[in-house]
Amino acid sequence: MSNKPSAIRGTNDFIAEEAARFDHVVDTFARVRRLYGFRSVHIPVFEHTGVFARSLGETTDVVSKEMYTFEDRSGDSVTLRPEFTAGISRAYLSNGWQQHGVMKLAATGPCFRYERPQKGRFRQFHQLDAEIIGSAGPDSDVELLALGQHLIEELGVAGNVTLQLNTLGDPESRSAWQAALLAYFNGHRDSLGEDSQRRLDANPLRILDSKNEGDRALVADAPVIDDFLTAEAAAFFAALTSGLDAAGVAWTRNPRLVRGLDYYRHTAFEFVTDALGAQGTVLAGGRYDGLIEAMGGPHTPAVGWAAGIERLAMLIDAPAPEGVDLAFIPMDDAASARGARLVAALRKGGGVAVETFAAGNMKKRMTRASASGARLAIIIGADEMRDDTMQVKDLVAGEQVRIPQAEAGFVGGYLAELRLVALTGHDGDVPDFPAWRTRNLGGQAR
RNA sequence: GCGACCGUAGCUCAGCUGGUUAGAGCGCUGGUUUGUGGUACCAGAGGUCGCGGGUUCAAAACCCGUCGGUCGCCCCA
């Protein structure tokens, strides 16, 4: 048992419920983002290292110690994407997407960060991503946040998640505030924890969300961004908050909320939960007006967010397990061949999900058929082959009828009706299959 | 990079202060039911006790190392 192959640290293999949770998050995003006109974008999973190194900020942890970077065979340094925004911005410039005007884009897929894994944090993790590129107005921030809120609601986790909102101001506001913070914390350097003393040099803003008890007391009296906001920055934030109120997006002001990556301006936000241990951030982002310009493009305002699929997946209720509609159980080769045509017709014509159970003894086949989630089973053996009939068993009711194979349409019709009832949430009682068939036979006869 | 905890059957775990052939539940295979499941009963297969070394008459249990996992710090989705 010790020679089993092992997975790379911090990667996951999902089946069954875990896979269903993951899929449900992805599917829900695909549905909701269309409601807001966000179009799908597909970008590479890796880029030239410079794409990330320059855009995220050389001193950030993501760049300085968490990137999956390696040389390819030609000696170029390439990096597995640690996030989506830099790659999308690069694609925007590479392909001249300015021609499309304001773009609302959505992406999904794996990202990579070389970190110690823990709850809600992995080396290969997966994100949902939404960006609005080319729009400077706070109405775009509102739309983007509304999308995020809507997604959270559709996933049924809104009760556990709150939106924390802050502004980092424009570059003037931000650097004035940063200078004031630096002066303030330098004055109390000795009272700061070890980690925060290091932050003082690297990224003083981060001291604001220190978890150290002693730091928190200092942070409480630290300079607040509001006192450094330029008139424009203040107006932007006011427009944003009133827009959110108008759109019915609930938010909480958190003046100590900062974002780790260098490119953020103005809006910064996190949807957080306390139900996930130490990794409470489930969806987060902000405005990054300077990024595309810094990458060598024209001045292009933009806002975006990313959400952690695994984190959302841990939060939602378990989705209904996957299953098929119908189990086909042939008793011998002849029945198997006959049934193949029948099954193909049901799949292609009726959209019926069918799984065949031909291995093991009868009891085994029934057990597996039952576990497949199928409502009905079609059983064909030598007896049935003789007179072109089949046994149709309702696996929920336990009732079974022997009917002509020519009546396969009833099977498709019954399953279609069940689907319809499930879809409309109409809980009208559908009888078991034998009774349903008798009823519809009668109806047709007249 | 730092810290804490954990590592026994396919899975989840029990195994008290070291003492003979290492257990349970679930799952798997077969049977009660020669072609009928989801409930029940019976039987069976399946374990280098993560790996290496040490202490001891004796180690799954104690010590050291190592690898792996989990959670936390840092940082972040």
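What you see is a predicted model, and the numbers here were worked out from it, not measured in a lab. The basis for the numbers below is simple: all heavy atoms, side chains too, and nothing from hydrogens, waters or symmetry mates. In what follows, chains carry the letters A, B, and so on, assigned in the order in which the sequence lines appear, proteins first and then strands, with residues in each chain numbered from 1.
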Which residues pass the side-chain hydrogen bond (donor to acceptor under 3.5 Å, both in side chains) test with [X], not counting sequence neighbours?
{"X": "A:W251", "result": "A:D245"}
{"X": "A:Q127", "result": "none"}
{"X": "A:D274", "result": "none"}

Calculate the interatomic distance between [X] atom [atom1] and [N] atom [atom2]; express it in whole Å.
{"X": "A:F269", "N": "B:rA77", "atom1": "CZ", "atom2": "P", "result": "11 Å"}
{"X": "A:M362", "N": "B:rU29", "atom1": "CE", "atom2": "C1'", "result": "19 Å"}
{"X": "A:E384", "N": "B:rU36", "atom1": "CD", "atom2": "P", "result": "12 Å"}
{"X": "A:D432", "N": "B:rG38", "atom1": "CG", "atom2": "C1'", "result": "16 Å"}
{"X": "A:M366", "N": "B:rG35", "atom1": "CE", "atom2": "P", "result": "13 Å"}
{"X": "A:N361", "N": "B:rU36", "atom1": "CG", "atom2": "P", "result": "9 Å"}
{"X": "A:R113", "N": "B:rC74", "atom1": "CZ", "atom2": "P", "result": "16 Å"}

Report task. Check if the side chain of A:S370 and the base of B:rG37 share a donor-acceptor pair of N or O atoms closer than 3.5 Å. Result -> yes
Query - Distance-only donor-acceptor test, A:K363 side-chain atoms vs B:rU32 base atoms, 3.5 Å - result: yes
Taking the same atom, [atom1], in [N] and in [M], what whole-Å distance lies between them?
{"N": "B:rC51", "M": "B:rG37", "atom1": "C1'", "answer": "44 Å"}
{"N": "B:rC49", "M": "B:rC41", "atom1": "P", "answer": "33 Å"}
{"N": "B:rA24", "M": "B:rC62", "atom1": "P", "answer": "24 Å"}

Query - Contact list for residues 319-337 of chain A, test salt bridge (Lys or Arg N to Asp or Glu O under 4.0 Å), sequence neighbours left out - result: A:D325-A:R419
Does the pair [X]/[Y] count as a salt bridge with the N-to-O cut at 4.0 Å?
{"X": "A:R368", "Y": "A:E355", "value": "no"}
{"X": "A:D383", "Y": "A:R402", "value": "no"}
{"X": "A:E47", "Y": "A:R90", "value": "yes"}
{"X": "A:R31", "Y": "A:E154", "value": "yes"}
{"X": "A:D170", "Y": "A:R265", "value": "no"}

Under the 3.5 angstrom rule, does the side chain of [X] hit a backbone N or O of [Y] as a donor-acceptor pair?
{"X": "A:D394", "Y": "A:F433", "result": "yes"}
{"X": "A:R338", "Y": "A:M385", "result": "no"}
{"X": "A:T438", "Y": "A:P434", "result": "yes"}
{"X": "A:S175", "Y": "A:P171", "result": "yes"}

Do the side-chain N and O atoms of [X] and [Y] include a donor-acceptor pair separated by under 3.5 angstrom?
{"X": "A:W436", "Y": "A:E417", "result": "yes"}
{"X": "A:E270", "Y": "A:T281", "result": "yes"}
{"X": "A:N160", "Y": "A:T273", "result": "no"}

Query raised in the report: Think A:Q118 has a side-chain N or O under 4.0 angstrom from the OP1 or OP2 of B:rG72?
Result: yes
Query raised in the report: For A:K364 and B:rG37, is the shortest distance between a side-chain N/O and OP1 or OP2 below 4.0 Å?
Result: no
Report summary line: Sorted by chain and residue number, the salt bridge (charged side-chain N to carboxylate O under 4.0 Å, His left out) partners of A:R121 (sequence neighbours excluded) come out as A:E115
What N/O pairs connect the protein and nucleotides 65-69 of chain B at under 3.5 Å? Give each pair on its own line.
from   : atom 1 : to   : atom 2 : distance (Å)
B:rG69 : OP2    : A:R9 : NE     : 2.8
B:rG69 : OP2    : A:R9 : NH2    : 2.6

Report task. For A:Y114 and for A:A382, locate the closest nucleotide of RNA chain B by heavy-atom distance; then report the residue assigned to the nucleotide nearer the 5' terminus. Result -> A:Y114
Residues within [range] bordering RNA chain B, heavy-atom distance below 4.0 Å:
{"range": "residues 389-407 of chain A", "result": "A:Q391, A:K393, A:L395, A:V396, A:G398, A:Q400"}
{"range": "residues 119-131 of chain A", "result": "A:K119, A:G120, A:R121, A:F122, A:F125, A:Q127"}
{"range": "residues 155-164 of chain A", "result": "none"}
{"range": "residues 310-339 of chain A", "result": "A:R311, A:M331"}

Query - Stem regions touching RNA chain B, defined by at least 3 consecutive Watson-Crick or wobble G-U pairs below 3.5 angstrom - result: B:1-7 with B:67-73, B:10-13 with B:23-26, B:28-32 with B:40-44, B:50-54 with B:62-66
Query raised in the report: Are A:H126 and A:F22 an aromatic pair by the rule of ring centers under 6.0 Å?
Result: yes
Requested in this report: Please check if the distance between the ring centroids of A:Y288 and A:Y264 is under 6.0 Å.
Outcome: no
Query raised in the report: Using a cut-off of 4.0 Å on non-hydrogen atoms, how would the nucleic acid contact of A:A369 be classed: base, sugar-phosphate, or nothing?
Result: nothing
Query raised in the report: Under 4.0 angstrom, heavy atoms only, what part of the nucleic acid is A:E270 near: base, sugar-phosphate, or nothing?
Result: nothing
**Report entry** Set of residues satisfying ring pair (Phe, Tyr, Trp, His ring centres under 6.0 Å) with respect to A:F271, sequence neighbours excluded
**Finding:** none
